Amino acid sequence: MKQNVTLDKIVALCKRRGFVYQSADIYGGLNGIYDFGHLGFLLKNNIRKSWKKSVSNVNIGDVVFLEGALLGPRAVWEASGHVDCFHDPMVDCQNCKHRYRADHINLEKACPNCGQKKWTEVRQFNMMFKTELGAAAGSAAEAYLRPETAQAIFTNFKNVMSTARVKIPFGIAQIGKAFRNEINPRQFLFRMREFEQMEIEWFCRAQNSDNFFDFWQENRLEFVKNLGIAADKLRLRPHEKDELAHYSTKCSDIEYEFPFGWQEVEGIAHRGNYDLTQHTKHAGKDLAVFDDATKTSYIPDTIECSVGVDRLFLTLLFDAYTEDVIDGEARTVLKFSPNIAPIKAAVLPLTKKQLEQAEKIYKDLKKININIMFDVSGSIGKRYRRQDEIGTPVCFTYDFESNEDNMVTARDRDTTKQKRIAIDKIAEYLCDKLK
Ligand code: GAP
């Protein structure tokens with residue numbers, strides 16, 4: 001039975017098992033910035049792979065990929081509206097100097113930190129990280145770390161169209177880092193200052209854009225469900241007019257029910273032709289598309305799907321986290337779908353006497369390019385618990401009988417049921433499980 005998953009338990013498990021570390025931990029850490037350990041790296045890669053597959057395999061047109069730069073000149077962010085509009089309201093407590101996002105606290109009440117009610121005026125705080133390129137001072141050298149990956153897609157729209165020889169409708173997809181100077185980074189990987197986005201911009205004619213908006217809403221919901229996330233914890237919520245970002249005419253969020261409430265995991269936005277029109281004006285370059293049939297030019301509309309790798313990572317952890325009791329003993333288990341699990345199987349010799357034979361199985365399995373772990377230390381029960389806690393779907397134990405019958409014990413993570421399988425059928429058994 002799923003019980004009492006809390007943010008603290010997730011943070012502790014991530015550190016204990018090497019999924020995520022606080023960045024620069026030995027220097028006291030950096031707020032809102034994290035490093036990913038071996039298991040975190042593998043889990044992130046599985047998320048990226050699944051996302052890439054889900055956006056590539058659509059039957060409505062081509063999708064091509066881009067890897068844009070992290071830094072962009074001020075002109076890009078002026079055109080996109082981020083210089084003027086990418087603000088959060090900020091307020092300080094004059095007594096204890098704590099800083100808050102004004103829309104995240106009740107200013108009628110006292111400061112949650114010191115209990116005094118001495119607020120400053122609410123000010124607008126731009127969330128972009130600014131830097132200067134080279135040694136020259138002045139606005140010409142001003143650059144910003146990108147707050148979303150999308151703008152590199154818009155500024156390269158014509159480059160991609162002409163070199164990839166794609167026709168409307170088509171999509172440009174990108175995975176990469178984004179940076180936001182969040183006033184209060186919160187809830188671990190939920191709101192970070194440096195994070196990773198997976199975005200697709202789908203370019204289409206205005207008259208088809210509503211249909212494509214509906215298509216992408218369904219496609220994205222299907223994607224998160226296919227990752228194994230419980231359907232009853234997911235919902236699609238259309239934005240109210242006053243919630244819309246400066247660039248979008250309509251937007252829906254895929255939300256997950258976290259212990260801290262329903263929160264956005266992915267956003268699907270109808271950006272109209274806002275971005276390409278803005279870049280046309282600001283850069284003075286023609287970004288319109290010529291339609292051979294009507295012999296007219298038009299600026300396409302864009303439907304955007306945007307999801308954070310890290311936020312999805314956190315969602316998967318919350319959804320998979322389970323505490324149960326097996327044979328009177330409590331355990332923690334991450335019930336990841338086998339596809340997403342960072343380690344697919346563990347090979348365990350029952351005692352050191354079976355080391356050599358078990359190692360051979362481990363090495364053979366590695367040859368089929370699947371992430372496998374080999375664990376010899378501790379009692380077999382302890383080793384099973386370790387694998388449960390990192391979400392390994394199956395363990396193969398080489399035991400006393402294995403020498404006689406050429407079989408191992410396959411132990412299922414979720415049911416803990418065990419069955420004997422032939423050593424030469426292990427790879428087949430595992431591949432079936434991963435399907
Ligand atoms: N290009 C559109 C865009 O950036 P957004 O709603 O600001 O839209 C999209 O961000 C997704 O990026 C969110 O749904 C979330 O998954 C992720 N995201 C945004 N800000 C984040 C942050 N500070 N930390 C972690 N993930 C974040």
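For ligands, and for the atoms within them, numbers begin at 1 and follow the listed sequence. All residue numbers in this chain count up from 1 along the given sequence. In what follows, every heavy atom counts, from backbone to side chain, and hydrogens, waters and symmetry copies are set aside. Predicted, not measured: the structure shown is a model, and the values here were computed from it.
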* Asked: With sequence neighbours excluded, what pairs up with R205 under the side-chain hydrogen bond (donor to acceptor under 3.5 Å, both in side chains) test?
  -> D291
* **Side chain proximity check, V265 to L312, heavy atoms < 4.5 angstrom** => yes
Can you list every pair where an N/O of ligand 1 is under 3.5 Å from an N/O on the protein?
from	atom 1	to	atom 2	distance (Å)
ligand 1	1 (N)	E148	OE1	2.5
ligand 1	1 (N)	E199	OE2	2.5
ligand 1	1 (N)	E304	OE1	3.2
ligand 1	1 (N)	E304	OE2	3.0
ligand 1	4 (O)	R180	NH2	2.9
ligand 1	4 (O)	Q197	NE2	3.0
ligand 1	6 (O)	E264	OE2	3.1
ligand 1	7 (O)	R180	NH1	2.8
ligand 1	7 (O)	R180	NH2	3.0
ligand 1	10 (O)	Q197	NE2	3.4
ligand 1	12 (O)	Q197	NE2	3.3
ligand 1	14 (O)	E264	OE2	2.6
ligand 1	14 (O)	V265	O	3.2
ligand 1	16 (O)	V265	O	2.8
ligand 1	16 (O)	G308	N	2.9
ligand 1	20 (N)	R180	NH1	3.3
ligand 1	23 (N)	E182	OE2	3.0
ligand 1	23 (N)	M192	N	3.3
ligand 1	23 (N)	M192	O	2.9
ligand 1	24 (N)	F190	O	3.3
ligand 1	24 (N)	M192	N	2.8

* To do: Would you check if there is a donor-acceptor pair between the side chains of S54 and R220 at a distance under 3.5 Å?
  => yes
* Asked: Between the side chains of N211 and N208, does any donor sit under 3.5 Å from an acceptor?
  -> no
* To do: Only counting residues at least two apart or in another chain, list the ones meeting ring pair (Phe, Tyr, Trp, His ring centres under 6.0 Å) with H246.
  => H82, Y274
* Any salt bridge (charged side-chain N to carboxylate O under 4.0 Å, His left out) involving residues 278-287? Give me the pairs, sequence neighbours left out, ordered by first then second residue. => none
